[in-house]
Amino acid sequence: MTYKNIGNSPIPFAPNEFAKRVINWQRQHGRHDLPWQQYNQPYHVLVSELMLQQTQVSTVIPYFHNWIVKFPDFNTLASAQEDQVLNAWQGLGYYSRARNLHRAAQFVVAQYNGQLPDSPELLREVPGVGPYTAGAITAFAFNKPAAIVDGNVKRLFARYFGIEGDLSSTQLNRKLWQLAERYTPNHNNRAYAQGLLDLGATLCKPRQPKCEECPLQKTCNAFATHRVDTLPTAKKKKQIPTKQGYFLYSLTAAGVLLEQRPSDGIWPRLWSFPELKQASHEFTEHGSFKHVFSHYRLNALVYNASSENKAERLHHTALKRVAVEDLDQVGLPAPIRKYLDTQLQRLDK
DNA sequence: AATTCGTGGCG
DNA sequence: TCGCCAAGAAT
């Protein structure tokens, strides 16, 4: 390990001292009331970890509660209908995760009789479980040693060790995992892993970190070299394109006209307003909405599809009407659900 | 290696 | 309003 010689770069704590401080801090100041911590069981840890991928804790919490009520264990989830799974996930985003979790339950039931394995290597074979999640399950569900590297750990390590450069590069990713392995304690890894995440979430935050309260401040490279605000190195962002979308809206006494989207692309397997590939003069305008995805902006135009025959003719995929009272049997994308809710509220008044 | 997967909150 | 970013994985 080489350290950039800026100012007085401190010598990092040895792994045992580092882990000891993280664990002690976690026990005194860390989070202990997160819903999934009340279980610490493999199923609950798996559910929470997949929900938490690229998603903030506060967003996940209500979904987690609802999920556990609907699908309390591996067997229940494994035998559930996909539409029910997607309905419970609707609004949470990254919908492949829902299908991965569904497949994961079926995999664990079929392969392991409902018992998750306790090693990162075997966990990696579970659908939706990557290197981070495999380590997290090993730590949280089994309290066994395994490294975790997520956004929090990357940021904390980049600052603590004074690592510059693009953290998403293969080279630095390898370095971060090596550091994470080296600093993983042989005991109490559940508290250690939770401590790393809690430090990253509450003290070593992206903006306005609270270095005064940090148990690692004394030997933090970024703190000593006044680089807390410049580490980790900001990566150059490329701007996202704007796409146009054209949807059909039709609400009758029989329900809402919907199509199930294909398994690839945006909103896979969710139910949405039927989408046209291009603008059409055959319909009148009903409304519009805008939506921002991680990789493009969507400007959507919604047509009045009073004539269902016309809609069918412009479409290859099967359309169906879903009664309003049956909308909780399918998963709707967030902006579609919003648009629909607005219309339904108008009808109630 | 680079893309493609959502959504909501916050400064 | 706008960019940032969050317990990443799959391809």
Side-chain angles (χ1 to χ4, degrees), chain A residues 30-31 34-37 44-64 86 89-101 103-104 123-141 146-156 166-174 176-177 180 190 193-202 204-208 232 234-243 261-270 272 290-298 331-338:
Chain A
R31 296 174 290 188
L34 297 171
W36 38 94
Q37 290 177 320
H44 301 78
V45 172
L46 177 68
V47 171
S48 67
E49 286 304 333
L50 265 78
M51 286 187 170
L52 286 162
Q53 288 169 4
Q54 293 292 284
T55 309
Q56 293 184 345
V57 168
S58 57
T59 302
V60 165
I61 287 177
Y63 283 90
F64 178 82
L86 291 174
W89 201 276
Q90 67 176 349
L92 194 53
Y94 287 144
Y95 298 96
S96 312
R97 296 181 297 170
R99 290 189 297 151
N100 285 339
L101 181 51
R103 286 197 299 143
L123 284 166
R124 279 288 283 108
E125 299 175 7
V126 178
V129 176
Y132 161 77
T133 304
I137 294 173
T138 306
F140 296 135
I148 58 164
V149 175
D150 76 324
N152 291 300
V153 176
K154 282 185 176 180
R155 183 173 59 255
L156 191 153
D166 178 12
L167 297 185
S168 65
S169 72
T170 303
Q171 183 184 352
L172 281 190
N173 215 47
R174 190 166 54 236
L176 288 164
W177 274 99
R190 174 182 290 149
Q194 188 65 54
L196 289 180
L197 300 184
D198 291 352
L199 279 172
T202 64
C204 199
K205 300 180 295 179
R207 291 181 296 269
Q208 299 181 345
K235 60 178 180 181
K236 40 196 168 188
K237 53 272 178 180
K238 59 178 182 181
Q239 69 179 39
I240 61 178
T242 298
K243 299 184 179 181
R261 299 186 60 87
S263 301
D264 57 341
I266 202 73
W267 301 332
R269 306 287 294 165
L270 271 68
S272 170
K290 294 183 178 181
H291 192 68
V292 181
F293 296 106
S294 49
H295 48 308
Y296 67 88
R297 301 169 191 280
L298 174 66
L332 300 179
I336 301 295
R337 177 171 47 76
K338 283 180 195 167

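Here is how names work: the chains are called A, B, and so on, in the same order as the sequence lines, proteins then strands, and each is numbered from 1. This one's a predicted model, so the numbers in the text were calculated from it and none came from an experiment.
- Here A:V60 lies out of heavy-atom contact (under 4.0 Å) with every strand.
- Taking every side-chain heavy atom of A:P335 into account, B:dT7 is the closest of C:dA7, B:dT7, B:dG6.
- In this structure, A:L123 and A:L46 have side chains that are not in contact, with every pair of non-hydrogen atoms separated by 4.5 Å or more.
- Summary of the strand contacts: A:Q171 and A:S96 both lie near DNA chain B, and taking for each the nucleotide with the nearest heavy atom, the more 5' one is attributed to A:Q171.
- With B:dG8, C:dA9, C:dA7 as the choices, the nucleotide that has an atom nearest any side-chain atom of A:L52 turns out to be C:dA7.
- Considering only the side chain of A:T55, B:dG6 comes nearest among B:dG8, C:dC5, B:dG6.
- Nucleic acid contact class of A:A334 (heavy atoms, under 4.0 Å, all strands): sugar-phosphate only.
- One interatomic measurement links the two molecules: CG of A:L197 to C1' of C:dA7, which rounds to 5 Å at whole-angstrom precision.
- One can place CG of A:L123 at 17 Å from P of C:dG8, the figure rounded to the nearest angstrom.
- Across all strands, A:T59 comes closer than 4.0 Å to no nucleic acid atom at all (heavy-atom distances).
- The aromatic rings of A:W267 and A:H291 sit tilted, their planes meeting at an angle between 30° and 60°.
- Put simply, CZ on A:R297 is 15 Å from P on B:dT7, counting in whole angstrom units.
- Between A:Y296 atom OH and B:dT4 atom P there is a gap of 10 Å when expressed in whole angstrom units.
- Here the P atom of nucleotide C:dA9 and the CG atom of A:N100 are 10 Å apart, to the nearest Å.
- Separation of the C1' atoms belonging to C:dT1 and B:dG8 is 16 Å when rounded to the nearest angstrom.
- Among C:dA7, C:dA9, C:dA6, the nucleotide with an atom closest to any side-chain atom of A:R31 is C:dA7.
- OP1 or OP2 of C:dG8 sits under 4.0 Å from a side-chain N or O of A:Q54.
- Remark on DNA chain C: of its neighbouring residues A:Q194 and A:V126, the 5'-side contact belongs to A:Q194, judged by nearest-heavy-atom nucleotide.
- If you check the side chains of A:R103 and A:N100, you find a donor sitting under 3.5 Å from an acceptor.
- Nucleic acid contact for A:L92: base, since at least one base atom lies under 4.0 Å from a heavy atom of the residue.
- Of the residues listed (A:Q54, A:Q53, A:E49), the one engaging A:R97 in a side-chain contact (heavy atoms from CB on, under 4.5 Å) is A:Q53, and it is the only one.
- Side-chain atoms of A:P333 lie closest to B:dT7 of the nucleotides C:dA6, C:dA9, B:dT7.
- Look at A:H295 and you won't find any side-chain N or O under 4.0 angstrom from OP1 or OP2 of B:dG6.
- Residue A:Q239 is out of contact with every strand shown, counting any heavy-atom pair closer than 4.0 Å.
- Note: CH2 (A:W89) to C1' (B:dT7) measures 13 Å, nearest angstrom.
- An OP1 or OP2 oxygen of B:dC10 is reached within less than 4.0 angstrom by no side-chain nitrogen or oxygen of A:K205.
- As judged by a 4.0 angstrom heavy-atom cut-off over every strand, A:K154 is placed among residues making no nucleic acid contact.
- Within 4.0 Å (heavy atoms only), A:I137 reaches no atom of the nucleic acid at all.
- Counting only heavy atoms from C-beta outward, the side chains of A:K290 and A:R297 never approach each other to under 4.5 Å.
- Within the nucleic acid shown, A:T133 comes within 4.0 Å of sugar-phosphate atoms alone, with no base atom in reach, counting heavy atoms only.
- Atoms OH (A:Y94) and P (C:dC5) sit 13 Å apart, rounded to a whole Å.
- Sequence order on DNA chain B of the closest nucleotides to A:S169 and A:Q208 puts A:S169 first from the 5' end.
- Between C:dA7, B:dG6, B:dG8, one nucleotide has an atom nearer to the side chain of A:R337 than all others, and that is B:dG8.
- Atom name C1', nucleotides C:dC5 and B:dG6: the rounded distance is 13 Å, in whole Å.
- A gap of 15 Å separates the P atoms of C:dA7 and B:dG11, to the nearest Å.
- Across all strands shown, A:G91 has heavy atoms under 4.0 Å from sugar-phosphate atoms exclusively, and none from any base.
- You'll find that the side chain of A:D150 is closest to C:dG8, out of C:dG3, C:dG8, B:dG6.
- Heavy-atom contacts from other residues, nucleotides or ligands closer than 6.0 Å to NZ of A:K205 number more than 12.
- Protein atom CD of A:Q37 is 12 Å distant from nucleotide atom C1' of C:dA7, rounded to whole Å.
- Within the 4.5 Å cutoff, the side chain of A:S48 has no heavy atoms near those of the A:F140 side chain.
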